[in-house]
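A quick write-up on the structure given underneath.
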Amino acid sequence: MSIETDNPLPSKEKKITPQPQTPWKTSGTERASSLIFILAAAAASYMTVALTPMKGILPLTLLFFIFAALFSFIRGNRSRGIVAGQDSAAGVVMAIGMFVALLPIASILYTTVSKGLPGLHRGLLFNDMSAATPTDPITEGGLSHAIVGTFVMVMISLAIALPLGLLTAIYITEIRGRFTRPIRFLVQAMSGVPSIVAGLFILSAFVYPITKTFSGLMGSLALSILMIPTIARTAEEVLRLIPEDLREAGLALGGTQWRTVAMVVVPAARSGLVTAVILGIARVAGETAPILLLTGGGDQININPVEGAMGSLPFYIWKSFFFGSEEAVARGWAGLLVLLTLVLILFATARFFSTRKVR
Amino acid sequence: MTMSTTPESLSAKQKELEKKMTEERSQSHTAPASLASVAQTKVSRPAGAKRLGTGLEARGVHAWFGKNHVLSDISVDFASGTVTALIGPSGCGKSTFIRTLNRMHEFIPTAAMAGEVLLDGKDIYAPGTDVTKIRLKVGMVFQKPNPFPSMTIGENVLAGLRLAQLKSTNKDDLVEECLIRAGLWNEVKDRLDEHGGALSGGQQQRLCIARSLAVSPHVLLMDEPCSALDPGSTLRIEETISELAESMTIIIVTHNMQQAARVSDYTAFFLSDGGPGEMVEYGKTSEIFSNPKDKRTENYVTGRFG
């Protein structure tokens, strides 16, 4: 592309369309200098570790962060003054915070995947443990009974918790009666209830006095106690986002409050309410304490929630690790990987629905 | 649920209207006329053959929020077939006043009111009155366009019927008729199944007008309906208002005095000097803008304050 310097006002025919540029983005030289400074921090921390009695990976990492913050301060200070120096040092400190926060999550994921992968096999999803003993090789048996049990129990608890949670949220955001504040407080307090308390409550309120036997339904009841606050709080947040205009428009068109809520407010919040449901499921899918107390944890597929012991993924994992043989532990890790994948898929779906643009 | 006009006759009217609008747009290069001349040169509207209801009358209306007295002793008679503009600075109680006219005022928890509002001769605040029936007869268009996001354009128009659980014999005709009357039919007739949020702001507001027309109200309250819209959409909605006024009572709150001069037959000027809002002056729009009796009205309409 040539630029004619002898013609200060180029005529329309010779007008050059400039290339699209992004001058605000980091340039190649800046990138290179960043790389050099990271290497410098690494070298400085390595030298310090080598020259002082400090040994091991922990002081090395710590020193690397300290040097990185120091060097970035010096670099910013030299190029653009003290304020820029503070700014870049603060950026490095925040990056460190993020790294430290992500470390345990990454570690959990890595451990579960690396230990669970060897235990995965095709039969895992299609066989149950009724014909296999814990000391059988890992390729024998599977966790289909656990997946089915978790599915049945989660669905029953959802059927109980969704209407109750949604109605609670509607009471708080739409009806706004005298008890709104105490109920909000109660729901918030309920979301902090330890799961074992929910389990013990069902145990003493239903299992001992009434059914006198463990079953999937009892587990579902305990799970629904844990699910209600999650659904109610998420649904409340979502309904609160619906503009007041829409409620007024519905009422001004001659709708009663009930018709307006059912036809205008709840449909407008639909995608958010799907998120609430998925978060509720994810909350209870891995819940272990009430399951151990109430379901009996069978080894074969049982789809009848009111009769007989019902297996579930947390129970399967707990039982495998409790047994302790090499094969059983491998089963436990595989079950953990399946459970973790399930919960991750649920959260990803929830995010997909909640970030999707509401039309 | 029967309307006096048929979709065919409305369609013809629509074309006429659009022709007139293009002409007006082409003339818009000339210097703007003064408010008084705008108000006086306005063509008088032919009285519609079929008027819905006999109008709305406020008698000694007061309003409070908690202990705060925001509106004092407003008495106006809004006759059927007229457009009345409520003007005045912000916070003088115009919006509160029109919300007392369809009982939306009571949704604010601390709200209170006194006085009577007669719709077709009956007090809407009388004990035993069905509030939802009142709101069916007194429709409302809000400042911000608020089509229901979960519904399509067609469903939005019919939302009032569904909300009030009314039966309609021919829904497609009703949708067409309401959209024609709101001046939106030609723009959306091929996309009735799209969501209302896909429309532009001006189109959304006309959709909201169509939505309120579907339940055939006798009175239409408009709370600054054009304040969020561009001049083209505003003009379009003003034309719609003039058309609708042939058969119904329209009360419009506006901060745009040009708009008040253009669309209204009567104008009420509200003012609050620290205390509760009062109606300073009420009269024919041409009088208010050319020969106001009160000094404060004159100062406001000539732009000396507010």
Side-chain angles (χ1 to χ4, degrees), chain A residues 162 166 169-184 234-277 352-359, chain B residues 95 98-99 101-109 130-152 155-166 194-199 204 207-208 210-217 219-223 228:
Chain A
L162 176 60
L166 187 57
I170 288 176
Y171 181 85
I172 292 172
T173 59
E174 308 300 320
I175 297 180
R176 295 172 218 178
R178 179 183 308 203
F179 300 109
T180 298
R181 278 164 162 273
I183 286 179
R184 273 195 77 186
T234 319
E236 182 203 333
E237 298 291 327
V238 170
L239 291 175
R240 218 173 269 284
L241 289 178
I242 301 300
E244 199 65 15
D245 295 15
L246 288 181
R247 298 186 177 94
E248 290 202 337
L251 295 166
L253 277 171
T256 57
Q257 190 180 17
W258 156 241
R259 300 277 300 169
T260 306
V261 168
M263 278 186 50
V264 177
V265 180
V266 170
R270 199 174 36 199
S271 66
L273 294 176
V274 172
T275 308
V277 166
F352 171 74
F353 277 110
S354 59
T355 53
R356 203 173 53 164
K357 194 168 163 281
V358 183
R359 290 201 294 177
Chain B
S95 292
I98 73 162
R99 286 169 66 93
L101 300 180
N102 68 343
R103 296 192 57 171
M104 291 298 284
H105 178 59
E106 63 209 54
F107 279 111
I108 290 140
D130 184 352
V131 188
T132 56
K133 294 226 168 68
I134 297 300
R135 299 204 187 103
L136 280 175
K137 284 194 181 153
V138 186
M140 191 165 197
V141 175
F142 295 82
Q143 182 171 359
K144 254 176 70 188
N146 51 6
F148 298 136
S150 58
M151 302 182 192
T152 64
E155 284 170 351
N156 257 291
V157 176
L158 296 171
L161 294 179
R162 282 180 63 204
L163 277 164
Q165 290 170 291
L166 298 175
E194 277 178 38
H195 281 255
L199 300 173
Q204 286 189 11
L207 178 58
C208 292
R211 182 175 70 185
S212 13
L213 294 178
V215 292
S216 50
V219 181
L220 195 57
L221 308 175
M222 306 179 110
D223 191 356

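Convention: sequence-line order gives letters A, B, ...; per-chain numbering from 1. Everything numeric in this text was worked out from a predicted model, so none of it was measured.
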remark   = In terms of heavy-atom contacts, A/D245 and B/N146 come closest through O-ND2, 3.2 Å

ask   = Quick one: does A/R259's side chain have a donor or acceptor within less than 3.5 Å of a partner on B/R162's backbone?
value = yes

request  = Report the residues that fulfil side chain to side chain donor-acceptor pair (under 3.5 Å) with B/E194, sequence neighbours left out, ordered by chain and then residue number.
outcome  = B/R191

ask   = Is the shortest heavy-atom distance from the side chain of B/P149 to the side chain of A/L246 under 4.5 Å?
value = yes

task = Check the surroundings of atom CZ in A/R181: do more than 12 heavy atoms from other residues, nucleotides or ligands lie under 6.0 Å from it?
result = no

query = Is any side-chain heavy atom of A/E248 closer than 4.5 Å to a side-chain heavy atom of B/M140?
reply = no

Interchain contact, B/V141 with chain A, by part (heavy-atom threshold 4.5 Å) = neither

Atom of B/A159, atom of A/M263 and distance for their closest heavy-atom approach = O-CE, 4.2 Å

Interatomic distance, A/L251 atom CG to B/N102 atom CG [nearest 0.5 angstrom] = 10.0 Å

query = If you count the non-hydrogen atoms of other residues, nucleotides and ligands that lie under 6.0 Å from CZ in B/F107, is the total more than 12?
reply = yes

message = Can you tell me which portion of B/P147 sits under 4.5 Å from chain A's heavy atoms? Options are side chain, backbone, both or neither.
response = backbone

task = Considering non-hydrogen atoms only, spot the tightest contact between A/A252 and B/F142 and give its length.
result = CB-CZ, 3.9 Å

message = Ignoring hydrogens, what is the shortest heavy-atom contact between A/P267 and B/S150? Give both atom names and the distance.
response = CB-OG, 3.3 Å

message = Counting only heavy atoms from other residues, nucleotides and ligands, does the tally under 6.0 Å from CZ of A/R176 exceed 12?
response = yes

Contacts of type salt bridge (charged side-chain N to carboxylate O under 4.0 Å, His left out), residue A/R247, not counting sequence neighbours = A/E174, A/E244

task = Specify which of B/L163, B/L136, B/D130 makes the most heavy-atom pairs with chain A at under 4.5 Å.
result = B/L163

query = Which of these passes side-chain contact (heavy atoms from CB on, under 4.5 Å) with B/F148: A/T260, A/V265, A/L253?
reply = A/L253

